[in-house]
Amino acid sequence: MAILITGGAGYIGSHTMVELLEAGRELVVVDNFVNSKAESLKRVKQITGKDFKFYEVDLLDYDALNKVFEENDIDSCIHFAGLKAVGESCSKPLLYYHNNITGTLNLCDIMQKHGAKRIVFSSSATVYGNPASVPITEDFPLSTTNPYGETKLTIERILKDLHAADNEWSVSILRYFNPIGAHKSGLIGEDPQGIPNNLLPYITQVASGRRECLSVFGNDYKTHDGTGVRDYIHVVDLAKAHLKAIERAETVTGVEHFNIGTGVGYSVLDIVKAYEKATGITINYKITARRPGDIDECYANPTKALNVLSWKAENNIEDMCRDSYNWQIKNPNGYEA
Ligand code: NAD
Ligand code: UD1
């Protein structure tokens with residue numbers, strides 16, 4: 001039996017594929033390359049020496065997705081495919097609602113039809129909105145501040161209702177905190193298009209000389225040094241959580257939510273310092289205005305993932321910075337030749 005990986009060519013999907021292939025799992029992968037390149041899949045094969053079936057399919061194309069299930073024995077799915085840029089989701093909300101929600105509805109309908117009732121879903125800490133306190137546990141109130149977050153919360157609710165209607169479903173909702181870093185080989189990593197929105201890709205491009213200076217968005221937050229605090233997690237640790245979640249989903253039915261973070265919060269300036277220590281490169285930065293919608297602090301209490309999935313993050317912040325840089329210097333233009 002195979003696991004379907006939607007969005008496997010993307011940043012987290014490609015790292016998860018490596019972990020699953022190395023664990024001997026059979027994979028079928030779909031992606032439409034809206035935010036990724038086929039090269040990442042070649043690199044996954046290069047790292048693991050293992051093969052998998054791939055279909056260039058859009059989740060919005062119901063018949064094409066259904067055919068993937070007809071041609072393969074798929075019993076479960078790890079569902080990464082979705083659009084993820086918060087700013088773009090505000091300017092193009094319909095695109096985000098349609099792609100993320102309709103895509104998931106198609107997927108779940110087809111899974112149900114083929115008796116594949118196990119799903120691990122990529123959610124986000126964004127569903128906690130502006131949390132009243134930190135660290136955050138899974139039972140905190142949920143809210144969103146942008147259409148991207150709204151798609152995540154809506155999909156969480158859809159999956160809950162699906163299980164309520166048919167309790168053979170096994171639903172594992174992983175709420176990622178801030179994934180960064182890259183595979184140690186330097187063959188796969190994050191390949192943002194255009195100017196990076198997120199902190200680590202931006203710092204990495206400053207370190208490599210591709211950008212001049214990091215803008216630190218505000219130093220008047222209620223944090224130890226005034227800059228925003230987040231829970232950064234190594235993408236390989238995050239990838240490993242998916243293997244644990246699939247193993248668990250194979251033994252239980254129900255709906256479970258897990259925070260996938262380290263439990264440690266670092267400020268923007270902490271990250272700049274860690275990056276400099278890990279790479280020996282000075283990061284040029286300036287303090288600028290706050291970015292609208294940003295919050296003071298966001299970090300996980302990851303105890304549930306430890307207790308239930310026997311998973312915890314292994315890499316520290318310097319590992320994350322070093323591996324980001326290693327990927328960048330080996331691939332100055334990402335997956336472009
Ligand atoms: P990514 O953009 O690198 O990967 C997503 C993949 O899905 C891409 O390869 C894209 O081409 C594909 N895709 C998108 N829409 C599709 C569709 N309709 N049909 C087929 N393929 C489609 O993003 P990522 O960072 O790897 O994130 C993976 C998932 O995790 C996303 O759902 C994202 O929202 C979620 N997530 C990411 C982060 C993060 O910081 N990276 C944080 C929390 C949650
Ligand atoms: C953002 C998204 C979140 C998404 C996550 C991962 C917003 C409001 N939130 O989280 O929904 O799940 O990315 O994709 O966009 N920073 C700078 N300078 C920069 C970039 C960032 O100072 O050039 C600061 C931010 O103000 C923040 C921290 O760095 O304090 C982390 O920012 P970022 O990497 O964008 O992640 P989040 O905002 O936590």
Side-chain angles (χ1 to χ4, degrees), residues 5-16 29-38 40-41 55-61 64-65 78-90 95-96 98-100 102-104 106-107 121-130 144-146 148-149 151-152 155 174-180 189-193 195-203 205-206 211 213-219 221 223 227-233 235 238-239 260 265-269 271-272 285-299:
I5 309 288
T6 74
Y11 173 46
I12 304 169
S14 56
H15 287 82
T16 302
V29 183
V30 302
D31 203 301
N32 65 354
F33 299 127
V34 65
N35 195 38
S36 54
K37 305 256 164 34
S40 67
L41 296 173
Y55 293 82
E56 186 170 344
V57 160
D58 190 322
L59 295 192
L60 297 177
D61 184 343
L65 187 60
I78 306 183
H79 178 30
F80 296 103
L83 297 173
K84 64 165 183 176
V86 172
E88 187 185 51
S89 81
C90 297
L95 174 71
Y96 272 66
H98 189 45
N99 187 76
N100 293 4
T102 313
T104 303
N106 283 347
L107 173 69
F121 173 60
S122 301
S123 190
S124 165
T126 195
V127 299
Y128 297 115
N130 191 350
T144 61
T145 53
N146 55 70
Y148 164 72
T151 69
K152 291 293 169 194
I155 294 167
L174 304 186
R175 293 178 178 150
Y176 312 157
F177 281 66
N178 289 56
I180 61 170
E190 189 169 11
D191 183 19
Q193 309 301 304
I195 300 171
N197 297 311
N198 299 116
L199 181 64
L200 253 288
Y202 205 102
I203 292 186
Q205 293 191 6
V206 173
R211 310 219 172 257
C213 179
L214 169 73
S215 294
V216 174
F217 298 147
N219 65 351
Y221 285 101
T223 63
T227 64
V229 166
R230 299 290 184 275
D231 186 337
Y232 296 92
I233 171 157
V235 66
L238 174 60
I260 306 295
Y266 287 101
S267 73
V268 177
L269 293 181
I271 297 294
V272 168
Y285 73 86
K286 60 176 189 278
I287 308 289
T288 63
R290 286 182 175 209
R291 179 173 66 180
D294 276 354
I295 58 177
D296 301 86
E297 289 191 290
C298 178
Y299 56 91

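Whatever order the structure lists them in is the order used to number ligands and atoms, beginning at 1. Position 1 is the first residue of the sequence; numbering continues from there. The analysis underlying the following values was restricted to heavy atoms, covering all of them including side chains, and did not include hydrogens, waters or symmetry mates. All of these numbers come straight from a predicted model, not from anything done at the bench.
The closest donor-acceptor contact from the side chain of N32 to the backbone of V34 lies under 3.5 Å. Under a 3.5 Å cut-off, the side chain of N106 and the backbone N or O of L59 do form a donor-acceptor pair. At distances below 3.5 Å, at least one donor-acceptor pair connects side-chain atoms of Q193 with backbone N or O atoms of D191. Checking side-chain atoms of T126 against main-chain N and O of G149 turns up no donor-acceptor pair under 3.5 Å. Without hydrogens or angle criteria, S122 side chain to H79 main chain gives a donor-acceptor distance under 3.5 Å. For the pair S14 (side chain) and A9 (backbone), a donor-acceptor distance under 3.5 Å is absent. Counting only distance, with no hydrogens or angles, the side chain of N35 and the backbone of L83 share no donor-acceptor pair below 3.5 Å.
Polar contact check, L199 against ligand 2: a nitrogen or oxygen pair lies under 3.5 Å apart. Of the polar atoms of Y202, none of the N or O atoms is found under 3.5 Å from an N or O of ligand 2, judged by distance alone. Considering backbone and side-chain N/O of G10, one or more are found under 3.5 Å from N/O of ligand 1. At under 3.5 Å, not a single nitrogen or oxygen of Y148, backbone or side chain, sits near a nitrogen or oxygen of ligand 2.
Atoms of ligand 1 found under 4.0 Å from any heavy atom of S122 (numbered from 1 in listed order, with element): 29 (C), 30 (O), 32 (O), 35 (C). The S123 neighbourhood of ligand 1 comprises atoms 43 (C), 44 (C), with distances under 4.0 Å to a heavy atom of that residue. Residue contact check: Y148 has heavy atoms under 4.0 Å from atoms 33 (C), 34 (O), 35 (C), 36 (N), 43 (C), 44 (C) of ligand 1. For ligand 2, the atoms sitting less than 4.0 Å from at least one non-hydrogen atom of D294 are 8 (C), 25 (C), 26 (O), 38 (O), numbered in the order shown with element in parentheses. Less than 4.0 angstrom separates some heavy atom of N197 from each of these atoms of ligand 2: 20 (C), 35 (O). The distance from ligand 2 to the heavy atoms of V216 drops below 4.0 Å at these ligand atoms: 22 (O). Interface of V34 with ligand 1, defined as ligand atoms under 4.0 Å from a residue heavy atom, comprises 10 (C), 11 (O), 13 (N), 14 (C), 15 (N).
Using a 4.5 Å heavy-atom threshold, the side chains of Q205 and L214 count as separate. When side chains are defined from C-beta on, N197 does not count as touching V86, because their heavy atoms never get closer than 4.5 Å. Contact check for V229 versus Y299: side-chain heavy atoms found under the 4.5 Å cut-off.
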Carefully, step by step, assess I12 and E190 under the rule side chain to side chain contact (heavy atoms under 4.5 Å, CB included).
-> CA-CA 8 Å; I12 304 169; E190 189 169 11; over 6 Å; no
Does the side chain to side chain contact (heavy atoms under 4.5 Å, CB included) test come out yes or no for F177 and I260, once each step is laid out?
-> CA-CA 6 Å; F177 281 66; I260 306 295; 5.8 Å; no
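For F33, every heavy-atom contact with ligand 1 shorter than 4.0 Å involves the backbone, none the side chain. Contact annotation for A125 and ligand 1: no heavy atom of the residue comes within less than 4.0 Å of the ligand. At a heavy-atom cutoff of 4.0 Å, ligand 2 is contacted by the side chain of L214 but not by its backbone. Residue contacts with ligand 2 for T126 involve side-chain atoms from C-beta outward but no N, CA, C or O (heavy atoms, distance under 4.0 Å).
Within the 4.0 Å heavy-atom cutoff, G103 does not count among the residues contacting ligand 1. Within the structure, the closest approach of K84 to ligand 2 does not fall below 4.0 Å when heavy atoms are considered. At least one heavy atom of S215 sits less than 4.0 Å from an atom of ligand 2. Using a non-hydrogen distance threshold of 4.0 Å, N99 registers as a contact of ligand 1. Within the 4.0 Å heavy-atom cutoff, V57 counts among the residues contacting ligand 1. At least one heavy atom of K152 sits less than 4.0 Å from an atom of ligand 1. Proximity of S40 to ligand 1 is not established, as no heavy-atom distance is less than 4.0 Å. Residue contacts with ligand 2 include Y232, since one or more of its heavy atoms lies under 4.0 Å from the ligand.
Summarising the contacts of atom 6 (C) of ligand 2 with L269, N198, V229, the nearest heavy atom is found in N198. Among I155, N32, T16, N198, the residue whose heavy atom sits closest to atom 13 (N) of ligand 1 is N32.
Judged by distance alone, the side chains of Y96 and E88 do bring a donor and an acceptor atom under 3.5 Å apart.
Atom OH of Y285 has 12 or fewer heavy atoms from other residues, nucleotides or ligands within 6.0 Å.
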